[in-house]
Student: 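This is the structure I want to talk about, given as structure tokens.
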Amino acid sequence: AEWKFAVEESPGDVQTLYAEEFKRIIEKRTGGKTTVTVYTYGQLGNENDLTELTAGGAIQFSNASPGHLGTFVPEVQVLSLPFLLPESDAAKAKVLSSSPALYDSLAKDFASKGLKLFTVYPEGEMVWTTKKAVRKPEDLGDVKFRVMTSPILIEQFKLYGANPVALPWGEVYSGLQMNVIQAQVNPPFFIESAKFHEVTTHLIYPGDVEYTTTVVANADFWNGLSDQDKTMLKEVRDELQTFIIAKQKEKNAAALEKMKKDNPKLEVIKLTDAEREVFRKRVEPLNAKLVEMVGGRSGKILEQLKADAAAAAK
Ligand code: 6CS
């Protein structure tokens, strides 16, 4: 068999490294009977296109990050809420790898859209690139701030005081360059890879949220797999979880050093606890807003996820 796996990122990026390692392990374990073809960003379409291709069965696996998937599986936006996941790496990894809120509950909303939730993993803390110093919501008043396409992100950045606009990432570099937008948010490895630091002057570390991604499979494809294949895939999934969590950490640390070297004028601002607290307070209405927007089981999933996060942090 041939399995197609499309990612939302470029060669060398975190999602691509994951898919390539998936390919290596699957092809080794099946002795080449199953091959995996990896497609990087733009080869088959943008982020939202990949989800539709997977749900429709044209491809078997893809990354579907909550930042974009909210347009298709609205409930997944619980993963985009700031100040929700535990702060420690170990507790965060535990929630993302095994939380029942995600794999029992949220997975049902994926299934109803033709998607099997295969895994969720972190890609690094979200960092803002801006063209001026930002320390408080008032500093964002005149800033057109690019966010991913999930509706909750527009609400989040409105609460933060900015003027948010949703775009696929392929349009972000030119938007910053032409000053149509002045800011965007992504983990450091991605800012470096997409070269956003070339068209920006400040990196702001707000400490509010982790970038997470999900890997999904076409549901009919998944349900048609043999028990043996399903068991293999579960083992591969667990093995890759350890691999990718270490990998993204290493890449994010290296990226900051590289960006400082490339652009010596780049100013790095880490919000103080007091400054961070102002943004945290601003965004407090967001959880209720999400439940109001999405309805259905979203409130229940959110409460469950909070409980799983609290249990993991203990
Ligand atoms: O900003 C975005 O849209 C993209 N960011 C990352 C880290 N991965 C893919 C996603 O589409």
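Remember, it's a predicted structure, so these values are computed and weren't measured experimentally. Positions are given from 1 along the sequence.
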Student: State plainly whether the residues Asp273 and Arg276 are in salt-bridge range, i.e. N to O under 4.0 Å.
Tutor: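 No, Asp273 and Arg276 are not salt-bridged.
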
Student: Would you name the heavy atoms of Val78 and Ser298 that are closest together and state the gap between them?
Tutor: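 Closest pair (atom of Val78, atom of Ser298, distance): CG1-O, 4.3 Å.
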
Student: Are Phe118 and Trp3 an aromatic pair, judged by ring center distance below 6.0 Å?
Tutor: no

Student: For the residue pair Arg24 and Phe243, would you count it as a cation-pi contact if the rule is NZ or CZ under 6.0 angstrom from the ring centre and within 45 degrees of the ring axis?
Tutor: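 Not flagged: Arg24 not positioned over aromatic ring of Phe243.
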
Student: With Phe279 as reference, evaluate Tyr205, Phe157, Trp128 under the ring pair (Phe, Tyr, Trp, His ring centres under 6.0 Å) test and give the passing residue.
Tutor: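 Testing each of Tyr205, Phe157, Trp128 against Phe279, the sole residue satisfying ring pair (Phe, Tyr, Trp, His ring centres under 6.0 Å) is Trp128.
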
Student: Closest heavy-atom contact between Glu8 and Thr213?
Tutor: OE1-OG1, 3.9 Å

Student: Indicate whether the side chain of Thr16 and that of Glu9 have a donor and an acceptor atom separated by less than 3.5 Å.
Tutor: no

Student: If I take atom CD1 from residue Ile244 and atom OG from residue Ser97, how far apart are they, to the nearest 0.5 angstrom?
Tutor: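 With rounding to 0.5 Å, CD1 (Ile244) is 12.0 Å from OG (Ser97).
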
Student: May I have the step-by-step check of side-chain hydrogen bond (donor to acceptor under 3.5 Å, both in side chains) for Ser62 and Thr54, ending in yes or no?
Tutor: CA-CA 7 Å; Ser62 65; Thr54 311; 2.7 Å; yes

Student: Between Glu277 and Lys281, is any pair of side-chain heavy atoms under 4.5 Å apart?
Tutor: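 A side-chain contact exists here, since the closest heavy-atom pair is under 4.5 Å.
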
Student: Hey, would you say the Phe61 and Phe221 ring centroids sit under 6.0 Å apart?
Tutor: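 Ring-ring flag for Phe61/Phe221: true, centres closer than 6.0 Å.
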
Student: Only one of Asn48, Asn46, Thr149 forms a side chain to side chain donor-acceptor pair (under 3.5 Å) with His68, so which one is it?
Tutor: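 Of the listed residues Asn48, Asn46, Thr149, the side chain to side chain donor-acceptor pair (under 3.5 Å) partner of His68 is Thr149.
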
Student: How far does OG1 of Thr119 sit from CZ of Phe22, to the nearest 0.5 angstrom?
Tutor: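 One finds 11.0 Å between OG1 of Thr119 and CZ of Phe22.
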
